[in-house]
S.K.: 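Quick one: this structure, given as structure tokens, is what I'll be asking you about.
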Amino acid sequence: MLVSLVLLLLGALAALVTPSLMARAQWPEREPVVALWVWQCVVAGVLLSFGLSMMFSASAASQAVRGHVFAPAPHAVVEAYALAAYGPWSAVMAALLALGGAWTLAMLVREIRRAQSRRARGRSELLVRSPLMPGEEPGGGRLVVLEGERPDAWWMPGAAPQLVITTAALGRLKGRQLDAVLAHEQGHVRARHDWLLHCSGALATGFPQVPVFAAFRAEMHRLVELAADDVASRRFGRLTTALALVGLNEDRGVFGPHPSADAQVPLRVNRLLTPTERLTAGRRLRLTAAAALLPTVPLLVAFVPGLSALG
């Protein structure tokens, strides 16, 4: 039971401390891909801590669960965890954590279903606005051009992702600016950013009071755009990508004194126009490796008593 409490406190501490630490850090804006990886590892570590805590609590509360969890383990290992010394509190903790796990799964399923519904509606509207020509296969083209007075471009995820762009965007964006927009959207598709947004949205919706999940969703929306901007700027230049962003968004009021909902666009343009040096390859590697080790911390906490008993 002590191990279960330590794991629970470890997960809670990470959930409380991580948002403030990442908010103070300056490097995520310079290395959005590395920051995406760090956030995923932190959240995985938090969920793993809670999951292991639930397992040990259930083992302490139920002989049947204990038998399944520790079936191949020697008697000395089972005794090292002192599971039999704790009574009702372990059952309460296990039940609460199990409910949290079931709620997380339910929120993820709901988020995926909502995304599928939105995608189906979007494809239906797309067929209405851009009907198939005789002999054309549904979803056969990766690029769809729509008649529209507003410059816009977006990607539709799915088994066959499609890039959609309006005729107004084609008329406004010139040459490499159009290529930069397409490269930006293709960056989203290739990195499967939609799954990151689904997972972060499910956690934040299911547990709105947990700081790490709310920050996870906000940062995923921000960082995936920065990462896609970098994909486009590496191929077509920062100035070209910034001009393309301005061309797509200047009619939406995002650059005025009272910006609209998409207030991140001016910040993205400024970031492209005032580039900072990337982190060195060595530091990127160290951050990536350190983040990958985060989920192993709860595993070490869980296995230390058993390994000590075997030693």
Side-chain angles (χ1 to χ4, degrees), residues 1-22 25 34-108 199-200 202-204 206-207 209-216 285-311:
M1 186 64 180
L2 179 61
V3 174
S4 179
L5 289 173
V6 171
L7 287 166
L8 186 62
L9 292 174
L10 180 65
L13 181 65
L16 291 172
V17 171
T18 299
S20 59
L21 290 178
M22 292 296 287
V34 178
L36 286 169
W37 171 248
V38 171
W39 271 106
Q40 291 175 73
C41 291
V42 168
V43 172
V46 170
L47 295 176
L48 186 58
S49 295
F50 292 154
L52 290 172
S53 179
M54 179 191 69
M55 182 188 74
F56 283 112
S57 297
S59 298
S62 170
Q63 180 65 44
V65 176
R66 193 183 316 161
H68 286 292
V69 173
F70 292 93
H75 181 71
V77 171
V78 181
E79 290 297 319
Y81 288 94
L83 297 172
Y86 299 90
W89 287 109
S90 57
V92 172
M93 186 182 298
L96 290 175
L97 290 170
L99 286 174
W103 183 248
T104 301
L105 182 60
M107 290 297 101
L108 182 58
C199 292
S200 62
L203 289 170
F207 304 94
Q209 303 303 321
V210 179
V212 72
F213 295 152
F216 183 43
L285 180 61
R286 288 193 296 272
L287 282 170
T288 302
L293 291 175
L294 290 175
T296 67
V297 175
L299 291 175
L300 288 174
V301 172
F303 286 124
V304 160
L307 294 175
S308 301
L310 290 175

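On a predicted model such as this, the values are computed, not experimentally measured, just so you know.
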S.K.: Which value, rounded to the nearest 0.5 Å, describes the distance between L5 atom CG and L10 atom CG?
M.R.: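 Result: 12.5 Å between the selected atoms.
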S.K.: Which atom names give the shortest non-hydrogen contact between A14 and V46, and what distance separates them?
M.R.: CB-CG2, 3.7 Å
S.K.: Nearest 0.5 Å, please: how far is OG in S53 from CG in L97?
M.R.: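 These two atoms lie 5.0 Å from each other.
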S.K.: Of all the heavy-atom pairs spanning V3 and P305, show the shortest one and how long it is.
M.R.: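 Scanning both residues, the minimum pair turns out to be CG2-CG, 3.6 Å.
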S.K.: In Å, rounded to the nearest 0.5 Å, how long is the span from OG of S90 to CE of M54?
M.R.: 13.5 Å
S.K.: What heavy-atom pair brings M93 and S57 nearest, and what distance separates the two atoms?
M.R.: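 Closest pair (atom of M93, atom of S57, distance): SD-OG, 3.2 Å.
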S.K.: Who passes side chain to side chain contact (heavy atoms under 4.5 Å, CB included) against A44, sequence neighbours left out?
M.R.: P295
S.K.: What's the shortest heavy-atom distance between A302 and F56, and which atoms?
M.R.: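 Closest heavy-atom pair between A302 and F56: CB-CE1, 3.6 Å.
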S.K.: Ignoring hydrogens, what is the shortest heavy-atom contact between P298 and S49? Give both atom names and the distance.
M.R.: CB-OG, 3.4 Å
S.K.: L48 versus V297: any side-chain heavy-atom pair under 4.5 Å?
M.R.: no
S.K.: Which atom pair, heavy atoms only, marks the closest approach of F216 to Q40?
M.R.: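 Minimum heavy-atom separation between F216 and Q40: CE1-N, 4.3 Å.
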S.K.: Calculate, to the nearest 0.5 Å, the distance between atoms CG and CG belonging to L2 and L7 respectively.
M.R.: 9.5 Å
S.K.: Given V43, which partner from the list T18, L203, L294, V38 fulfils the side-chain contact (heavy atoms from CB on, under 4.5 Å) test?
M.R.: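 Considering T18, L203, L294, V38, a side-chain contact (heavy atoms from CB on, under 4.5 Å) with V43 is found only for L203.
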S.K.: Going by side chain to side chain contact (heavy atoms under 4.5 Å, CB included), name the residues that satisfy it together with F207, two or more places apart in sequence or in a different chain.
M.R.: W103, T104, V210, F213
